[in-house]
Each structure stands twice: as C-alpha cells, then as structure tokens.
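Below is one structure, written out as structure tokens; the observations come after it.
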Amino acid sequence: MAKISLLLSLPILSSFLLFFPLSSSQTLPINVWPKPTTISWPIPRATPLSPSFKILSPYTNHHLQSAVARYTRLLLSEHYYPIVPPAVNLSSSPPLHSLALSISDLSSPLQHGVDESYSLSISSSTGLANLTAVTVWGAMRGLETFSQLSWGDPPVIAADVYIDDQPIFPYRGLLVDTSRNYYPVEDIMRTIEAMGANKLNVFHWHITDSHSFPILLPSEPELALKGSYGPGMRYTPEDVKAIVEFGMSHGVRVLPEIDTPGHTGSWAGAYPEIVTCANMFWLPKGLAHWAERLASEPGTGQLNPLEPKTYQVVHNVIHDIASLFPEPFYHAGGDEIVPGCWKADTAIQAFLANGGTLSQVLELFVNSTHPYIVSLNRTAVYWEDVLLDPLVKVDPSRIPRETTILQTWNNGPNNTKLLVAAGYRTIVSSSDFYYLDCGHGDFVGNDSSYDQIGSDKDSDGGSWCGPFKTWQRVYDYDITYGLSEEEAKLVLGGEVAMWSEQADPTVLDARIWPRASAMAEALWSGNRDQSGKKRYAEATDRLNDWRYRMVGRGIRAEPIQPLWCRTHPGMCNVVQ
C-alpha cells in the first residue's frame, strides 16, 4: 500500500508521550473489524513487532498450519498505515517476539455451531502474546484480530490489550451466484479470503440455475458439458476440492446449492425430456399478463416431477454434490416455482385436469428428494417459498423441522416471523436489506417504461428489489426484529446475497465489500452499543479504516466516503 504524507511513521509514533485511559464511549486508536464483543485497552500503547516474530503453534492440524503461516507473513509484510495516525505511546519494553496458541479441542470439524470463541492478550512487559481458543476455528478468528492490531513499517502492535470474543450468530454467510455469470476459481478464493478476514463463515455457493450448469459432476458430466457456457467456464472436481480446502484454511464453510425443481433450464441441454418449458420466451403475453409468465426472469425451465427419469438424474446430482462437499448442509433451492411453466407440459396438464394441484406436483418432488438428502447425512436447506409461496407450496409434514432449514428472502421481518413461528430454523437473507445486487437497474431489454422522460423508475433504481442497499442499510438490520425470545433462538444467522444477473469478476469485490463487512459486524458483535443505541455513526470511521486496510490486502472494496471525512472527524455527519 502506498504511503502518503499525512500517515504515521514510527518516529512520529514514538514522540507520543501522553497516556490516557479509554472510557467505554471513546473509540480505540486502532480498530478491529468486526468489533470484538469485549476489548480492554486501558492505556493505549504499542510495542514493536520483532523482525523474528513467530506464532508458536505445536499443533499439526494442516488448516491451522496454513493459517499460522499466512498470518506470520501478513504481520511482517502488511505495513498498514491508518488514515488517521493512532494516538498511542510506543513502549520502551522489548519487542514482541511471539504469539503462543493454546487450543483445547483440535478435533471439532468446521460445521454449524462450532465454537469460534477466543481470548487474546498482548503484554508489553514480557514481549509475549497469548491466544487461547477452544477450537482451531476460534484460533483463526483470534489470529485475524491479532493481525488487525498491527500497523506501520517496521510494524508495531497494540500492547497491554485484552480481548474476549465470540459471535452472536453461528451462521454468517455470503451467497455468490455462479450460474448467470461465471467466476473463475481465483475470484472465488479471493472472496473467501476476504470473508475469513471479516469473520464470515459460510460461503453459500449458488452453483447452478436456468442460465448455466457450470459444475462437472462424475455421474452426470453431460449437464456441464451441454449446460455450461463453455470449456473455460466449468468447475471440475479438482476445483471444488481446492475451493473447499481453501475455505477451511480460512474458517469458511462452503455450502453448495443446486436449485431444484425451478431454475433448471440449463439441465435441458443434456436431458430435455425432464425439463418443462425450456428455452421458451419467458413473458409470452407481456408485463400486463404477469401471472401467465413462464419464469420470473429470462431463462425458463423447471424439472418435471411427473417424469420418472427426473429422479434418476437428480439423485445422481445430489449424491455427487454430497461427495464433493463435506458441508453437512445441502441447499436444495425450491424457490420461485412458476405455475405457467409446469402448465405448459401435457402430462402436468392431464394431472391437473384429473383434480391434482401444482402443490401436489411439488410435493411429489420433495417427497423423493428430501429423504434422499437426509439419507446422505445432510440437513436440507430450502428457500422460504416451499412453505410460504401463495400458489405452489408443500405441507409442513413433507419437510420435517428436524432435518430442514428455511432461508427467507421476502418481506423482511414478516417472513422471518412466519418461518420461526412454524418452528423452523431460519437463515435471514431479506432482499430489503441483504441483496447486494439491487439498485443497478434491470437487465431485460426492450423495456417500454423508459420510452418517456420521467418514467425512469427513479424510486427503485430500476430493479425489483431497489434501491441500492447502502452499508448503513445493511448494518441497521436486526434479523430477530419482532420475534419472541424463543422464536429468536431459531434464527441461525444471516446472509448477504450477490446475485449475478449484472455482476461478474470485474465488479465482484466492489459489489460485495465493504457492505458485507457491515453485516459481518452486526452478526458478530451486534449493531448496538452497551446502552442499546445503534452504533452506525460510530461505525463509520471504523469501516472507513477497515475498507482501507482491505484494499491494501488486495480486495478492491468500494469507498464509503471521501478520505477527507476520515481526516476531519465528525464533519461529514448529519448532526454535529
């Protein structure tokens, strides 16, 4: 990262002579994002980091070893210079020589509910620091915090600081859609690396959709060979293994989603006989007849639950995905079943003419696939639609609460309430707060609403889920709003979503960061201070600093303010 004249150098740092205690209302001279649940730095001082600094870890866990090596390199080479020079005193004590790790449970796998707590202490008098965690994954969180307490060239680190930290919510996710546009493996890995730095722990990989089927599966290779965008835009089993391993080394689970039975037009290249309304125009009678659409956006096609071969193919897909991904959750989709697409099929027409319903058609599919998912020791995750869609949904008995998690994306707190009131564990991804693709217009062409000046959909940014979700909008959301204490216990956490109708690797970083960072803190330590007041105003300067550090680490996060605002505290606020 380039150094600029206003930033701190060590000679300036060592000239700070005054010590001052911090009250709970004051901000820290150097910050950690997300903010730890408990941090004590009574006298802000720093100590040099020894050029021979080491992280002492006697453990052979290879994911931990990878993290230790990575953070050792980072600490000695990052040379981060905060936008505002930290007001701290440089300790005259010996440099910090080591950070000792102590982990009590080395066997806990990276899965939902794993202990991510840690305690960190850095002493200026002994030249030693200690990081204690229950699990390898908690140790990784502590290593990230430790790295963010360092700055300068040569590097110094906060001294006489004590941190006890653990997340509020066990599920803190990010969805990336790789069907509508393709993302190379290196872009996925860079995103996962940034997730680990933000203490996010679930990469929800929405792999397939109607637009493309980019994953090459051993049992069903034709799905990718005929359903992907081309030879250079497929993920091999070796790619998947590399991504999963990379995720584990950063404390990030990789949750696969194969959306079914809707959003499956890309399957028709290999198996046209199992897909209804594939490759048809999505809106045959125009916007005025929305209820008769064949899809909710361009890209038609839904699996046919009345066709026996459907289950042969789907079971092969589920089996392969479960074999490739060790993650105990399997996301089966289940969203946006469009009646018109199924009604276009003659067999389904006959089923309906004999008194059947579309909900029964969906139940046939779920009755076959849900037990199979469970038989592979997986918990099935579905979008809320399988329970809440007004037209096509299943009876709750078909998706047992013990083996099912539902993910909400519509109607904000209202649908969260409906899901937990029905007794389901819930992941919150409200499009009103957590959809990062919103507000960039729509991708459909020949839209007559733009024919006249003044009809430019100004209020919503031209997209169904507009306007753009600012970082403050993301940060402000309380995902258990309106729930009883018992209902709130069913909320596993939240997930921001990067759908890719209008995104690809060229804009990936800026669309996600630092807005995903805002959710990361809200779900890790909350968005309120000790008095219960929303702390978004206090968070602005800290997020500015964190975004600046992320850019230095190679994440092209978008700016949230001019640099001038950070260097003139309070001057960019609405209220002085």
Side-chain angles (χ1 to χ4, degrees), residues 55 57 59-74 101 103 105-116 133 135-144 147 170-176 178 182-208 214-219 224 233-258 317-331 376-379 495 505 508-509 512 516 553-555:
I55 299 174
S57 174
Y59 310 110
T60 58
N61 179 287
H62 71 279
H63 296 122
L64 178 63
Q65 289 176 328
S66 175
V68 165
R70 182 173 70 253
Y71 280 109
T72 301
R73 291 192 301 270
L74 180 66
L101 301 190
I103 302 170
D105 179 1
L106 291 167
S107 61
S108 290
L110 181 61
Q111 61 186 29
H112 180 73
V114 71
D115 193 313
E116 295 177 90
T135 69
V136 166
W137 322 110
M140 288 185 187
R141 305 301 176 221
L143 287 170
E144 176 58 38
S147 77
Y171 188 107
R172 306 176 307 281
L174 163 66
L175 176 151
V176 174
T178 62
Y182 175 81
Y183 295 84
V185 170
E186 58 265 29
D187 293 288
I188 292 175
M189 287 183 170
R190 187 179 67 258
T191 300
I192 289 173
E193 184 171 19
M195 290 179 66
N198 282 272
K199 298 185 174 70
L200 295 172
N201 65 354
V202 182
F203 177 70
H204 175 173
W205 189 357
H206 183 90
I207 307 173
T208 67
I215 186 168
L216 194 61
L217 298 178
S219 299
M233 290 183 276
R234 298 176 188 139
Y235 304 104
T236 66
E238 292 73 25
D239 292 333
V240 171
K241 182 179 180 181
I243 289 168
V244 168
E245 285 294 304
F246 189 84
M248 287 186 175
S249 293
H250 290 77
V252 178
R253 300 152 48 198
V254 181
L255 166 61
E257 179 185 356
I258 304 295
V317 169
I318 294 171
H319 179 271
D320 281 1
I321 292 294
S323 298
L324 289 170
F325 293 86
E327 166 60 36
F329 292 176
Y330 177 97
H331 206 304
L376 298 173
N377 297 314
R378 297 297 188 268
T379 297
E495 183 175 278
L508 178 65
D509 289 12
I512 295 175
R553 292 184 178 185
I555 306 301

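No hydrogens, no waters, no symmetry mates; every other heavy atom, side chains included, goes into these values.
When all heavy atoms of Ile103 and Val136 are compared, the pair lying nearest together is CG2-N, 3.9 Å.
The backbone N or O of Leu74 sits nowhere less than 3.5 Å from a side-chain atom of Arg553 that would complete a donor-acceptor pair. Counting only distance, with no hydrogens or angles, the side chain of Thr191 and the backbone of Asp187 share a donor-acceptor pair below 3.5 Å. Judged by distance alone, the side chain of Arg378 and the main-chain N or O of Glu327 form a donor-acceptor pair under 3.5 Å. Counting only distance, with no hydrogens or angles, the side chain of Thr178 and the backbone of Ile207 share a donor-acceptor pair below 3.5 Å. The main-chain N or O of Ile321 is never found under 3.5 Å from a side-chain atom of His319 such that the two would form a donor-acceptor pair. Between the side chain of Arg141 and the backbone N or O of Lys199 there is no donor-acceptor pair closer than 3.5 Å. Of the possible donor and acceptor atoms, one in the side chain of Arg70 sits under 3.5 Å from a partner among the backbone N and O of Ser249.
How far CD of Glu495 is from CZ of Arg172: 12.5 Å, rounded to the nearest 0.5 Å. The distance from the CE atom of Met195 to the CZ atom of Phe203 is 7.0 Å, given to the nearest 0.5 Å. The line from CG of Asn198 to CD of Glu193 is 11.5 Å long, rounded to the nearest 0.5 Å. The CD1 atom of Ile55 lies 9.0 Å from the OH atom of Tyr71; values are rounded to the nearest 0.5 Å. One distance of note links CG of Leu255 with CG of Leu174; it measures 11.5 Å at 0.5 Å rounding. Remark: Met140 CE to Ser66 OG distance equals 7.0 Å, nearest 0.5 Å.
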Criterion side chain to side chain contact (heavy atoms under 4.5 Å, CB included) on Leu106 and Thr60, from CA distance to verdict
CA-CA 9 Å; Leu106 291 167; Thr60 58; over 6 Å; no
Verify side chain to side chain contact (heavy atoms under 4.5 Å, CB included) between Val252 and Phe246, making sure each step is shown before the conclusion.
-> CA-CA 8 Å; Val252 178; Phe246 189 84; over 6 Å; no
What's the verdict on side chain to side chain contact (heavy atoms under 4.5 Å, CB included) for Met189 and His250, showing C-alpha distance, side-chain angles and the deciding distance? CA-CA 10 Å; Met189 287 183 170; His250 290 77; over 6 Å; no
message: What verdict does the side chain to side chain contact (heavy atoms under 4.5 Å, CB included) test give for Val68 and Leu101, after you've listed the backbone C-alpha separation in whole Å, the side-chain angles of each residue and the deciding distance to 0.1 Å?
response: CA-CA 10 Å; Val68 165; Leu101 301 190; 3.9 Å; yes
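Screening Asn201, Asp115, Leu110 for a side-chain contact (heavy atoms from CB on, under 4.5 Å) involving Trp137 leaves a single residue, Leu110. Put simply, the residue from Val244, Ile188, Ile192 that forms a side-chain contact (heavy atoms from CB on, under 4.5 Å) with Trp205 is Ile188.
The stretch residues 234-250 participates, sequence neighbours left out, in no salt bridge (charged side-chain N to carboxylate O under 4.0 Å, His left out) pair at all.
Partners of Pro328 according to the side chain to side chain contact (heavy atoms under 4.5 Å, CB included) rule, which considers only residues two or more places apart in sequence or in another chain, are Gln111. A search for salt bridge (Lys or Arg N to Asp or Glu O under 4.0 Å) contacts involving Glu257 returns nothing, not counting sequence neighbours.
In this structure, a donor-acceptor pair under 3.5 Å is present between the side chains of Asp320 and Ser219. Side chain to side chain, Gln65 and Tyr59 fail the donor-acceptor criterion of an N or O pair below 3.5 Å.
In this structure, Tyr183 has its ring center no closer than 6.0 Å to that of Tyr235.
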